[in-house]
Amino acid sequence: MGQYITGSEIISDDLLKGLTNKPFGKDYLTTKEELYKVLKGLAYPIGAMILK
């Protein structure tokens with residue numbers, strides 16, 4: 001997994017093998033769901049700024 005995580009930090013049942021666990025402290029699916037909610041919430045304000 002490169003130099004970001006060590007072999008002992010790899011989580012075998014996580015889709016990204018622990019790559020989201022180190023920076024976010026959460027598994028891949030939880031991180032994905034939370035990030036999706038944030039981005040979906042930004043869609044309207046960004047669209048409104050673009051269409052001004």
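Under the 4.5 Å side-chain heavy-atom criterion for grouping Ile, Leu, Val, Met, Phe, Trp and Tyr, Leu42 is connected to Ile50 within one hydrophobic cluster. Note: the hydrophobic cluster containing Leu16 also contains Tyr4 (ILVMFWY, side chain heavy atoms under 4.5 Å, direct or indirect links).
In this view, Asp14 satisfies the side-chain hydrogen bond (donor to acceptor under 3.5 Å, both in side chains) rule with no residue, not counting sequence neighbours. In terms of the side-chain hydrogen bond (donor to acceptor under 3.5 Å, both in side chains) criterion, Lys32 has no residue partners (sequence neighbours excluded).
Minimum heavy-atom separation, Tyr28 to Thr20: N-OG1, 3.2 Å.
To the nearest 0.5 angstrom, Leu35 atom CG is 7.0 Å from Phe24 atom CZ. With rounding to the nearest 0.5 angstrom, the NZ atom of Lys40 is 10.5 Å from the NZ atom of Lys37. Leu51 contributes atom CG, which lies 11.5 Å from atom CD1 of Ile46 (distance to the nearest 0.5 angstrom). Distance CD1/Ile11 to CG/Leu15: 12.0 Å, rounded to 0.5 Å.
A 6.0 Å sphere centred on NZ of Lys26 holds no more than 12 heavy atoms belonging to other residues, nucleotides or ligands.
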Checklist entry - Taking it one step at a time, do Asn21 and Asp27 satisfy side-chain contact (heavy atoms from CB on, under 4.5 Å)? => result CA-CA 5 Å; Asn21 205 28; Asp27 68 348; 5.7 Å; no
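In terms of modelled atom types and a separation under 3.5 Å, the side chain of Glu9 and the main chain of Thr6 share a donor-acceptor contact.
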